[in-house]
Q: 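Can you keep this structure in mind? I'll have questions shortly.
Just so it is clear, the structure is predicted and the values come from calculations on it, not from any experiment. Below, each value reflects all heavy atoms present in this structure, side chains not excepted, and no hydrogens, waters or symmetry copies. Order of the sequence lines fixes the chain letters, A, B, ..., with proteins taken first and strands second; residue numbering starts at 1 for each chain.
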Amino acid sequence: MKGENNAVIKLNEALQNAIKLLGIESTDEVFERPRNEGHGDRASSAAMKLAKTLRQKPLDIAKKISENLQCEYIEKVETAGAGFVNVFLNKKFYADVIEDALKQENNYGSVNLGNNKKVQVEFVSANPTGPLHIGHGRGAALGDSVARILEFTGWNVQREYYVNDSGLQIETLGRSTLARYFEILGQGNKFSFPENGYKGDYIYDIAKEIINLEGEKFLEMPENESVNYFKKYAAEKIMGEIKNDLERFRVKFDKFFSEGFLHENNLVMSAMNELKTNGFAYEQDGALWFKTEDTIGDDKDRVLIRANGVPTYFASDIAYHRNKFITRGFERVIDVWGADHHGYIARVKAAIKAMGKNPDDFDVLLIQLVNLIRDGKTVNMSTRAGEFVTLSEVLDEAGVDAARFFLLMRKSDSKIDFDMDLAKKQGNENPVYYVQYAHARVCGIMREYEKQGEKISDEKISENIFSEKEARELADMIAFFPDEIKSASSTLAPHVLTAYAASLAGAFHSFYNSGRIIDAPDSAGRVKISCAAGKVVAKCLELIGVNAPERM
RNA sequence: GCGCUUGUAGCUCAGUGGAUAGAGCGACGGCCUCCGGAGCCGUAGGUCAGGAGUUCGACUCUCCUCAAGCGCGCCA
């Protein structure tokens, strides 16, 4: 398969053929990497898994498998423990791994898992009521990286931001801004600040802008007209700032989808009618209710349209997801939500089932809180109270690369301590520099190599380089890259790649320190290995949206 | 009360049924005549929250208990 390593494929096929010779029709068994050095370079536990179906002792099966194993890369086979098959690889394997990785250039690791199917990733979707903070940054980094990884693994990806531009929150935003407008003009007693209003300083800034643009005319205007103007102005202004922050954070969207669009085109009501027609909604106490199927996990029926005729947020969300799956034909939909919305998943899945789609095609990635730490202390944040550190401030301080790397280092559903002091450090205690440095170091070597009038040759790598442990381990890391990509893509988990990149960088640094690369007996081959490592590091960084600098 | 998530080294966390549980930071001790020392090598550090079960085999799956966070609204 394109993107995989040919040498690795041959090795795994040898295992599969050996298993088939036992009378098993098909198997997807592949070699694993044993933890313990004494257990060889690759191991398989297939014999133990097959013991039941074959009704033989695991160790006997293991012996048969090892006798059947035929592969040009295998130097020695042992059976061990309860029924492990341990394989020792020859040097040709590592040489071929590097040659194949280099030959595939930018496509190395680009395994096709998606078959060009349409998938939508919806993320950030922060309400335009205030600036993005570090938590939104985590969602942005995650959604964007997942989208990059899916693209790399053969999915047809669309990135979308859902703009909650109608409803109560925007009303509150407008009223908050209008209240500040009156306040600045010394008429604070004539329009009171809403109870759950937005208290951040940015609201004052927007009010001042309106004063500069429109003067004092809203002091005399009817409240409804003023609020309409203020909410529209403030929301657009804030949305503009959000877009600027996202662009700076290297996050691009294909579409900003407006909630207002759903209402203006009557799509919410038509979705509700469809549910009613199909028996998934009923009226009671003057409201319209969604009939939850208990099989999907939600425990009670939910209101769709209130007795006063106003649809709930859930109703818009049903219409929105109907639009994704049915109107726009996405075969798979991935939403990135804050973990505090987890109770909502069952409800939306139930709705997706009710519209005749498979809820398994809908994934929600939950992101836990980001705990910002400065000077060893937690910085508390609350959007409404106006106490928060904005994403933009974090980027000013730590830079885009450190911010993205840190936000993607952990799996999304565990909370992160974002240590501002560590992120700012330019040293080996900061993992992002460690990884970037490996890349810059490779580039430095390549520059030096070319300065000496040399270049990467077609000549095969001299196999005896791989009698050195550091070279073998680096080549082995490179051999596993396609597997890491598969894992990151199928579990929608960029942190797999940050962890892998750090290990790969470590393997390269060790290789570098174990002996000279240029001006060595096998320098042509050693440069090739370095070059392959540099390219894989660069690809990892690209997939998490971090720069791979040539100089630092 | 019910549900979701989390609990692994001093700290922050990896580990989607395989062998003796790993990494980074922090601590301690070494390595520059040399391609980039933003680096490398080594040492110490564990009741995988606790208990039971399934399995040839459990950090991983099931159940119970404990602890933390978050949900359970005709809010968004």
Q: Please work out if A:Gln452 contacts a base, only the sugar-phosphate, or nothing of the nucleic acid, heavy-atom cut-off 4.0 Å.
A: nothing
Q: Using whole Å, what does the distance between atom P of nucleotide B:rG18 and atom CZ of A:Arg35 come to?
A: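 Computing the A:Arg35:CZ to B:rG18:P distance gives 8 Å.
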Q: Look at the side-chain N and O atoms of A:Lys411 and state whether any lies under 4.0 Å from the OP1 or OP2 oxygen of B:rU16.
A: no
Q: Round to the nearest Å and state the distance from A:Met477 atom CE to B:rA14 atom C1'.
A: 13 Å
Q: Going by the angle between their ring planes, with limits at 30° and 60°, are A:Phe257 and A:Phe261 parallel, tilted or perpendicular?
A: perpendicular
Q: Is any N or O donor-acceptor pair between the side chain of A:Asn36 and the base of B:rU20 shorter than 3.5 Å?
A: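 Indeed there is one.
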Q: Nearest to the side chain of A:Asp340, heavy atoms from C-beta on, is which of B:rC70, B:rA14, B:rG37?
A: B:rC70
Q: Is a side-chain donor or acceptor of A:Asp165 paired with a backbone partner of A:Gly260 at a separation under 3.5 angstrom?
A: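 Between the backbone of A:Gly260 and the side chain of A:Asp165 there is a qualifying donor-acceptor contact (under 3.5 Å).
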Q: Is A:Ser414 near enough to B:rA14 that one of its side-chain N or O atoms lies under 4.0 angstrom from OP1 or OP2?
A: yes
Q: Please tell me if A:Tyr512 has a side-chain N or O lying less than 4.0 Å from either OP1 or OP2 of B:rG37.
A: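 A:Tyr512 to B:rG37 OP1/OP2: side-chain N or O found under 4.0 Å.
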Q: Would you indicate what A:Ala43 reaches in the nucleic acid, counting non-hydrogen atoms under 4.0 angstrom: base, sugar-phosphate, or nothing?
A: base
Q: Using a 4.0 Å heavy-atom cut-off, does A:Ala499 contact any base of the nucleic acid, only the sugar-phosphate backbone, or nothing at all?
A: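 Nothing, no nucleic acid heavy atom in range.
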Q: Tell me whether the guanidinium CZ or amine NZ of A:Arg347 lies under 6.0 angstrom from the six-membered ring centre of A:Phe290 and within 45° of its axis.
A: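 Not satisfied by the 6.0 Å and 45° rule.
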Q: Do A:His321 and A:Phe362 make the cut of ring centroids closer than 6.0 angstrom?
A: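 Ring-ring flag for A:His321/A:Phe362: true, centres closer than 6.0 Å.
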Q: Side chain of A:Phe84 only, please: which of B:rG37, B:rC35, B:rA19 is the nearest?
A: B:rA19
Q: Measure from the side chain of A:Ala440, starting at C-beta and using heavy atoms only, and say which of B:rC35, B:rU5, B:rG36 lies closest.
A: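 Of B:rC35, B:rU5, B:rG36, B:rG36 is nearest to the side chain of A:Ala440.
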Q: Given B:rG36, B:rC72, B:rU5, which nucleotide is nearest the side-chain atoms of A:Lys300?
A: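 Ranking B:rG36, B:rC72, B:rU5 by closest atom to the A:Lys300 side chain puts B:rC72 first.
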Q: Is there a side-chain contact between A:Val546 and A:Val432, using heavy atoms and a 4.5 Å cut-off?
A: yes
Q: Just checking A:Ala307: base, sugar-phosphate only, or nothing, at a heavy-atom cut-off of under 4.0 Å?
A: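 Base contact - A:Ala307 has a heavy atom under 4.0 Å of at least one base atom.
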Q: Heavy atoms, side chains only, cut-off 4.5 Å: are A:Leu288 and A:Glu283 in contact?
A: yes
Q: Within the 4.0 Å heavy-atom criterion, would you say A:Asn164 contacts the bases, only the backbone, or no part of the nucleic acid?
A: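 The residue A:Asn164 makes no contact with any strand.
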Q: Which of parallel (below 30°), tilted (30 to 60°) and perpendicular (above 60°) describes A:Phe314 and A:Tyr344?
A: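 Because their plane-to-plane angle is over 60°, the rings of A:Phe314 and A:Tyr344 count as perpendicular.
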Q: Measure from the side-chain heavy atoms of A:Arg302 and tell me the nearest of B:rC72, B:rC74, B:rA38.
A: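 Given the options B:rC72, B:rC74, B:rA38, the side chain of A:Arg302 is closest to B:rC72.
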Q: Looking at B:rC41, I'd like to know if its phosphate oxygens (OP1 or OP2) sit under 4.0 Å from a side-chain N or O belonging to A:Ser510.
A: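 Checking A:Ser510 against B:rC41: at least one side-chain N or O falls below 4.0 Å of OP1 or OP2.
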Q: Looking only at side-chain atoms of A:Leu168, point me to the closest of B:rG37, B:rC75, B:rC56.
A: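 Of the options given, the side chain of A:Leu168 lies nearest B:rC75.
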Q: Return the nearest nucleotide to the side chain of A:His495; candidates are B:rG37, B:rA14, B:rC40.
A: B:rA14
Q: Within the 4.0 Å heavy-atom criterion, would you say A:Ser487 contacts the bases, only the backbone, or no part of the nucleic acid?
A: base
Q: Whole angstrom is fine here: how far is it from CD1 in A:Ile373 over to C1' in B:rC13?
A: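 In whole Å, B:rC13 C1' lies 13 Å from A:Ile373 CD1.
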Q: Please tell me if A:Tyr434 has a side-chain N or O lying less than 4.0 Å from either OP1 or OP2 of B:rC40.
A: yes
Q: Does A:Asn86 reach a base, just sugar-phosphate, or nothing at all? Heavy atoms under 4.0 Å.
A: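 Touches a base.
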Q: Name the pairing partner of B:rG45, where a pair is Watson-Crick or G-U wobble with both distances under 3.5 Å, or state none.
A: none
Q: With a 4.0 Å cutoff (strictly under), does any side-chain N or O of A:His509 reach OP1 or OP2 of B:rA38?
A: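 Answer no for this pair, as no side-chain N or O of A:His509 is under 4.0 Å from OP1 or OP2.
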Q: With a non-hydrogen cut-off below 4.0 angstrom, is A:Gly515 in contact with a base, only sugar-phosphate, or nothing?
A: base
Q: With a non-hydrogen cut-off below 4.0 angstrom, is A:Ala520 in contact with a base, only sugar-phosphate, or nothing?
A: nothing
Q: Taking only the side-chain heavy atoms of A:Ile518 (C-beta and beyond), determine which of B:rC74, B:rG18, B:rC35 contains the nearest atom.
A: B:rC35
Q: Using atom P of each nucleotide, how far apart are B:rG3 and B:rA44 to the nearest Å?
A: 45 Å
Q: Could you give the CG-to-C1' distance, from A:Asp301 to B:rC72, as a whole number of Å?
A: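 A:Asp301 atom CG is separated from B:rC72 atom C1' by 14 Å.
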Q: Can you tell me how far P of B:rC40 sits from CD of A:Glu468, to the nearest Å?
A: 15 Å
Q: According to the interplanar angle, ranging from 0 to 90°, do the rings of A:Trp337 and A:His341 count as parallel (below 30°), tilted (30 to 60°) or perpendicular (above 60°)?
A: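 A:Trp337 vs A:His341 ring planes: perpendicular.
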Q: If B:rC63 has a Watson-Crick or G-U wobble mate with both distances under 3.5 Å, name it; if not, just say none.
A: B:rG51
Q: Of the options B:rU5, B:rU12, B:rG37, whose atoms approach the side-chain atoms of A:Arg410 most closely?
A: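 The answer is B:rU12.
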Q: Can you tell me how far P in B:rU16 sits from the matching atom in B:rG22, rounded to whole Å?
A: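 It comes out at 14 Å once rounded to the nearest Å.
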Q: Does the ring of A:His342 meet both stacking tests against the six-membered base ring of B:rG71: centre distance under 5.5 Å and plane angle under 30°?
A: no
